[in-house]
Chemist: 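Please see the structure below; I have some questions.
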Amino acid sequence: MAKMFRKILIANRGEIAVRVIRACKEMGITPVAVFSEADRKALHVKLAEEAYYLGPSTPSQSYLNIDKIIEIAKEAKAKAIHPGYGFLAENYNFVKRCEEEGIVFIGPSSEPMEIMGIKTYSRQRMVKAGVPVIPGTLKPVKDEKDLQQKAQEVGYPLLLKASAGGGGKGMRLVESKGKLLSSYRMAQSEAQSSFDDPSIYIEKYIEEPHHIEIQILADQCGNIIYLGERECSIQRRYQKVLEETPSPFLDEKTRREMGEIAVRAAAAVNYRNAGTVEFIVDKDGQFYFLEMNTRLQVEHPITEMVTGIDLVKCQIEIAAGYPLKFSQEDIKPNGYSVECRIYAEDPDDNFMPSPGKIVYLRSPGGGLGIRDDSGIYEGYEVPLEYDPLLSKLITWGMSRSEAINRMLRALSEYQIHGIKTTVPFFKSILLHPRFYKGVYNTHFIADMQKEDVDDTEAKIAALIAAGVKSYLDSKMVVTPRSKKKESNWKLQGRLQNISNRL
Amino acid sequence: MAKMFRKILIANRGEIAVRVIRACKEMGITPVAVFSEADRKALHVKLAEEAYYLGPSTPSQSYLNIDKIIEIAKEAKAKAIHPGYGFLAENYNFVKRCEEEGIVFIGPSSEPMEIMGIKTYSRQRMVKAGVPVIPGTLKPVKDEKDLQQKAQEVGYPLLLKASAGGGGKGMRLVESKGKLLSSYRMAQSEAQSSFDDPSIYIEKYIEEPHHIEIQILADQCGNIIYLGERECSIQRRYQKVLEETPSPFLDEKTRREMGEIAVRAAAAVNYRNAGTVEFIVDKDGQFYFLEMNTRLQVEHPITEMVTGIDLVKCQIEIAAGYPLKFSQEDIKPNGYSVECRIYAEDPDDNFMPSPGKIVYLRSPGGGLGIRDDSGIYEGYEVPLEYDPLLSKLITWGMSRSEAINRMLRALSEYQIHGIKTTVPFFKSILLHPRFYKGVYNTHFIADMQKEDVDDTEAKIAALIAAGVKSYLDSKMVVTPRSKKKESNWKLQGRLQNISNRL
Amino acid sequence: MNISFWLDNREFRLNLEEKKKNTMDIILDQKKYLVSVEFLRNNELLLNVNGKIYNIIIDFNTSFYSVYVDEKFFKIEKKSASQFLGKQRAKQKKADIKTSMPGRIVKIFLQEGDKIKEGQAVLVLEAMKMENEIKSPQSGIVKKIIPNVGDYVETGSTLFSVE
Amino acid sequence: MNISFWLDNREFRLNLEEKKKNTMDIILDQKKYLVSVEFLRNNELLLNVNGKIYNIIIDFNTSFYSVYVDEKFFKIEKKSASQFLGKQRAKQKKADIKTSMPGRIVKIFLQEGDKIKEGQAVLVLEAMKMENEIKSPQSGIVKKIIPNVGDYVETGSTLFSVE
């Protein structure tokens with residue numbers, strides 16, 4: 001009979017490590033955190049019950065250091081490891097190593113992970129399983145002759161993609177025959193440098209594409225269910241920015257078909273764990289398998305909000321050998337959910353990363369349907385070494401408009417000072433007529449022109465504030481013996497300045 | 001056709017004012033706050049879009065000052081007033097005044113409020129409407145002779161209650177004939193001083209009672225629905241401490257019966273607005289009408305968590321004349337929810353009030369099914385003048401145990417320093433075997449003996465912390481030129497102490 | 001470095017040896033702990049004791065440390081045993097009852113000179129819309145009652161003394 | 001009291017008259033505002049302007065105020081018009097391009113002496129796992145490029161100058 005783990009090591013950092021730590025605590029499992037030099041004061045360390053030092057800040061020497069992580073797991077007697085997302089989450093060598101060391105990896109076994117990791121493999125498998133894939137080649141093109149011939153068959157516009165790839169690296173859009181060769185060579189060299197594997201395959205380019213993914217759960221007893229979709233078409237530089245569920249673009253029939261296909265895709269590789277099957281959906285609602293993420297997604301919370309199912313707890317139960325607690329019939333998504341990814345980036349300066357100290361923080365907790373999965377706290381210094389995701393603000397509503405209006409309210413209460421964040425950016429997305437109507441595709445942000453907001457009122461307030469401060473500071477000098485409360489504040493102000501100057 | 005308000009004045013303070021302000025913002029309505037001297041820096045002022053000064057801190061001169069509130073509403077052009085709970089929420093003279101002034105009171109009309117306010121009136125009405133009431137007298141006892149005769153009919157043990165009363169004031173439990181007269185005289189004088197109305201009526205005393213209430217919604221078109229129950233038996237000095245829904249004590253049949261009776265009770269007085277019908281349920285599941293609260297309840301969020309319905313928005317829509325968006329069939333509560341009331345009281349010192357400055361605050365936002373309806377922020381000074389409710393921590397779970405374990409996790413992350421709070425107290429309730437099993441009645445807290453927790457580990461950590469601090473402070477003196485980060489912290493520490501000393 | 005503290009009327013001796021920056025060995029009750037510490041905001045410490053994590057808020061004023069370990073509070077005194085016992089003895093003889101909260105005096109049950117039993121209520125303090133009975137921690141005679149009915153009292157101010 | 005500020009290259013004159021503690025009349029652009037202010041934590045103000053509420057974070061360093069109004073940021077300068085215009089003129093002539101974030105230089109496209117157009121990328125700075133092109137705010141000649149590929153640069157340090 002399945003037995004629950006006593007301790008789980010979380011081989012990750014930031015908000016996702018915090019997320020997993022909380023799930024462990026709610027299950028009575030002791031969470032064990034690991035941290036790099038830069039993360040000595042990180043929130044995931046503060047919230048863990050145990051924490052161990054990994055090494056220098058560079059990922060290769062800390063969160064990607066397989067030997068060290070295995071060593072700590074053994075020392076701390078953690079019988080299982082949760083990889084979060086990123087870092088080692090889709091590294092099948094790490095999974096193999098865990099399998100050898102007799103440590104449970106909370107995720108799929110290494111084989112399906114390997115298949116899904118290599119795009120040409122997975123395309124072949126999916127076709128065999130009767131899962132529709134984007135028209136194109138199933139194998140990497142052999143040479144430039146082969147390339148030109150295959151390109152002719154597929155037709156233009158087309159995409160050249162790295163077989164080992166992902167995340168837009170080694171990808172090229174080819175509009176016409178003329179650009180084919182040059183693009184191919186660029187793609188090859190980029191693929192080589194990113195994945196040290198130059199092999200490239202061809203995909204038909206889908207116009208006005210939607211990026212929609214299906215959440216699935218598969219246990220070790222062969223049960224697989226789908227938990228509805230997530231609309232992820234709001235992207236910038238192939239980076240998801242905002243997600244929502246259900247998708248305003250899908251009809252019930254397509255939704256169900258995609259769910260059933262996703263289950264088939266998972267079954268085809270003997271998948272177990274939570275997983276996500278990503279689809280490209282064209283403007284006519286035709287959908288094609290894009291890739292499968294064999295791990296927890298950043299945007300998993302919106303599915304949790306409409307189903308009530310805690311996906312991280314499910315991952316842990318599945319890994320421990322428990323059967324799923326629910327069948328497909330039990331899954332009845334309820335209401336609407338939206339997620340905004342709060343990044344440490346400056347929306348007014350071309351989304352430049354903005355690491356640094358958070359000197360002031362007010363989070364928008366409170367009220368129905370608000371969730372803030374955050375990895376930061378006031379006084380925390382956002383490190384330069386890792387990705388800039390600070391927090392995920394999630395809202396739920398009975399209607400789509402309630403979820404959106406709740407998000408606008410929550411954003412208006414979200415105050416992060418000391419670094420720049422994308423909080424203000426979301427207002428312009430959420431209030432954009434095309435978003436509000438729900439008619440958008442992956443080109444939305446690129447097409448969206450930034451309309452400038454009228455801030456006269458705020459400007460006046462700012463000038464008045466400056467006036468008040470300079471008046472009171474001047475007064476402080478002439479009359480040192482003013483009322484207690486007041487002088488107290490002023491001295492505080494002074495002290496503050498001194499300590500800032502250190 | 002109904003028209004939505006442009007502005008709403010919130011005639012309240014603390015977490016409930018914040019709650020209403022947020023609902024307004026999500027509906028695109030401008031919230032207008034009012035504040036007393038003590039509340040100049042209160043959170044409800046910070047979050048409001050407009051705020052006006054009411055007067056001195058004493059409630060009678062601020063939050064109970066009807067003339068001033070009406071005057072501000074007119075000045076600010078607020079066409080409606082939300083009373084929250086407490087203060088003027090059940091004052092039918094205020095409602096009459098609003099009716100005269102042509103301002104919409106977001107609540108029932110004055111008549112049903114008046115009927116429900118006087119216990120003997122409401123008992124009579126309910127009996128007429130076929131709503132079961134606790135056996136006893138429907139009218140106040142005329143004199144001591146009448147008292148003794150009626151007491152004989154009702155039988156012992158019995159309760160003497162103030163007709164105008166509520167909240168345990170002017171209430172006496174009489175075990176036997178011998179104590180009747182003396183108890184009656186005490187009850188009378190207490191009723192006189194509390195409500196300047198000495199009239200007393202008799203109720204049969206229910207053994208091992210449960211306090212369970214039904215949430216209802218009634219619009220102006222005659223639609224009335226019920227939204228399930230709330231189990232409120234965890235009480236201290238007639239004060240609710242923790243609530244949950246659904247009640248672990250009720251079966252489906254009783255639940256439905258109580259809901260239908262609650263609807264009948266509301267219909268009997270032409271009720272409109274959100275409202276709560278409170279019942280006493282005896283150990284055999286027999287239920288009796290206790291009273292009706294003609295306003296929003298403190299514990300309304302747990303009903304929102306399982307139904308997804310925002311009750312404050314419903315109140316506002318009803319007051320504006322909109323019909324309910326859902327019928328009884330649409331109401332399908334989902335999952336379990338628990339609320340812990342975080343009070344500024346010292347659980348280790350007989351729940352002494354603990355006003356003062358909150359020097360450090362970490363709220364447990366984050367994760368699925370967590371909600372913190374709070375009226376405080378770091379740096380806020382909890383005033384002495386008002387009730388000690390700081391925040392309501394609410395969790396949701398698919399199962400009752402998930403909701404409870406989530407609450408335990410959230411409480412473990414809730415750090416409020418500078419004042420004493422009831423946060424630690426809830427752990428002992430939630431972990432108590434009788435609570436966990438769900439077999440408890442209103443005597444639970446009184447019966448519960450405080451088992452002391454083993455804090456050896458924490459003690460050792462505290463001693464080590466003191467050692468580290470005194471070591472580093474001593475070092476600071478001898479070597480002033482230590483590393484930047486370190487000395488920075490130390491100076492901060494120093495400056496802190498100085499400013500504290502002001 | 002050796003330090004001695006008092007906690008719950010018991011003395012604890014600490015031996016502390018710094019290994020490298022913010023990392024030290026600490027011996028307490030013959031047990032050795034590997035401790036590393038991070039400094040967050042003023043007075044906020046992140047303590048790692050043999051891998052176990054503790055969130056600490058610590059404040060030092062004149063004679064004692066106020067330490068919060070997660071939500072638990074400890075008062076750790078730094079003064080020497082003799083002083084300490086001295087104060088203890090004093091406690092036996094005479095007790096000044098101070099208020100742990102500000103509020104208004106609404107009732108006084110006794111007068112100076114009255115006999116009083118341990119746990120007997122002396123007066124009622126109202127704060128935050130609640131009436132709170134202030135009881136005597138020991139039996140004896142009421143020596144002094146400072147405030148009058150209606151007075152407003154600050155936190156820490158003496159209400160009455162029992163001897 | 002009269003104060004003058006510069007915001008977005010425009011001068012604003014304020015007249016401020018304190019009525020009672022923390023309450024004042026302020027005249028700005030011929031409009032009069034009734035202002036009351038509450039002081040929260042250091043640098044945090046709760047401003048009430050004719051009944052409207054603004055949450056303010058304000059910091060003064062040497063020559064300007066950094067003011068956050070809710071989530072909007074404003075830089076309000078206190079220096080005199082002459083200085084200000086002086087600086088403006090300077091800006092026209094020569095531009096030192098500073099980095100608004102720390103990071104590592106991974107590519108440099110141009111050399112000193114090269115012609116450059118407004119908006120053209122000069123180098124690539126890597127931070128937080130993203131490569132960011134640093135562009136020139138104006139056309140001209142690249143006068144200096146300070147860092148080399150592989151260098152680590154701090155916030156505010158100059159990357160290159162265009163003239």
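Residue numbers begin at 1 in each chain, while the letters A, B, ... track the order of the sequences.
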Chemist: Any chance NZ of D:K135 has more than 12 other-residue heavy atoms, nucleotides or ligands included, within less than 6.0 Å?
Modeler: yes
Chemist: In terms of side-chain geometry, is the basic nitrogen of A:E378 or D:R41 positioned less than 4.0 Å from the acidic oxygen of its partner?
Modeler: yes
Chemist: Cationic tip of A:K420 within the cone over D:F73's six-membered ring, i.e. under 6.0 Å and within 45° of the normal?
Modeler: yes
Chemist: Which atoms form the tightest heavy-atom contact between A:A462 and D:F74, and what is the distance?
Modeler: CB-CD1, 3.7 Å
Chemist: If I compare all heavy atoms of A:P353 with all of D:A127, which pair ends up nearest, and what's the gap?
Modeler: CG-O, 3.6 Å
Chemist: Restricting to non-hydrogen atoms, name the atom on A:A458 and the atom on D:V69 that form the minimum distance, rounded to 0.1 Å.
Modeler: O-CG2, 3.6 Å
Chemist: To the nearest 0.5 angstrom, please state how far the OG atom of A:S412 sits from the CG atom of D:N55.
Modeler: 10.0 Å
Chemist: How long is the span from the CD atom in A:E457 to the CG atom in D:D70, to the nearest 0.5 Å?
Modeler: 10.0 Å
Chemist: Looking only at non-hydrogen atoms, find the nearest pair between A:A466 and D:I76 and report the distance.
Modeler: CB-CD1, 4.1 Å
Chemist: With respect to D:I26, which candidate in A:I460, A:L463, A:I464 satisfies the side chain to side chain contact (heavy atoms under 4.5 Å, CB included) definition?
Modeler: A:I464
Chemist: Among D:I58, D:V37, D:I56, exactly one meets side chain to side chain contact (heavy atoms under 4.5 Å, CB included) together with A:V468. Which residue is that?
Modeler: D:V37
Chemist: For D:M128 and A:Y386: C-alpha separation, side-chain torsions, deciding distance, then whether side chain to side chain contact (heavy atoms under 4.5 Å, CB included) applies.
Modeler: CA-CA 5 Å; D:M128 295 181 129; A:Y386 310 111; over 6 Å; no
Chemist: Test D:N43 against A:Y360 for side chain to side chain contact (heavy atoms under 4.5 Å, CB included), laying out the working first.
Modeler: CA-CA 10 Å; D:N43 306 6; A:Y360 181 90; over 6 Å; no
Chemist: With a 4.5 angstrom heavy-atom cut-off, which part of A:P383 approaches chain D: side chain, backbone, both or neither?
Modeler: backbone
Chemist: Heavy-atom distances under 4.5 Å only: say whether D:K31 touches chain A with side chain, backbone, both or neither.
Modeler: neither
Chemist: Could you tell me whether the side chains of D:Y68 and A:Q415 share a donor-acceptor contact shorter than 3.5 Å?
Modeler: no
Chemist: Under 4.5 Å heavy-atom distance to chain A, tell me which part of D:Y152 shows up: side chain, backbone, both or neither.
Modeler: side chain
Chemist: Tell me, with the steps shown, if A:S470 and D:F60 meet side chain to side chain contact (heavy atoms under 4.5 Å, CB included).
Modeler: CA-CA 9 Å; A:S470 69; D:F60 180 66; over 6 Å; no
Chemist: Taking atom CD1 of D:I57 and atom CZ of A:R362, what is their separation to the nearest 0.5 Å?
Modeler: 7.5 Å
Chemist: If you count heavy-atom pairs under 4.5 Å between each of D:L14, D:I134, D:L16, D:V49 and chain A, which one has the most?
Modeler: D:L16
Chemist: Please look at A:E345 and chain D and tell me whether the side chain, the backbone, both or neither of the residue comes under 4.5 angstrom of a heavy atom of that chain.
Modeler: side chain
Chemist: If you tally heavy-atom pairs under 4.5 Å against chain D, which of A:Q239, A:M352, A:E385, A:E413 wins?
Modeler: A:M352
Chemist: Does the side chain of A:N350 reach to within under 4.5 Å of the side chain of D:E133, using non-hydrogen atoms?
Modeler: no
Chemist: Can you tell me which portion of A:D349 sits under 4.5 Å from chain D's heavy atoms? Options are side chain, backbone, both or neither.
Modeler: side chain
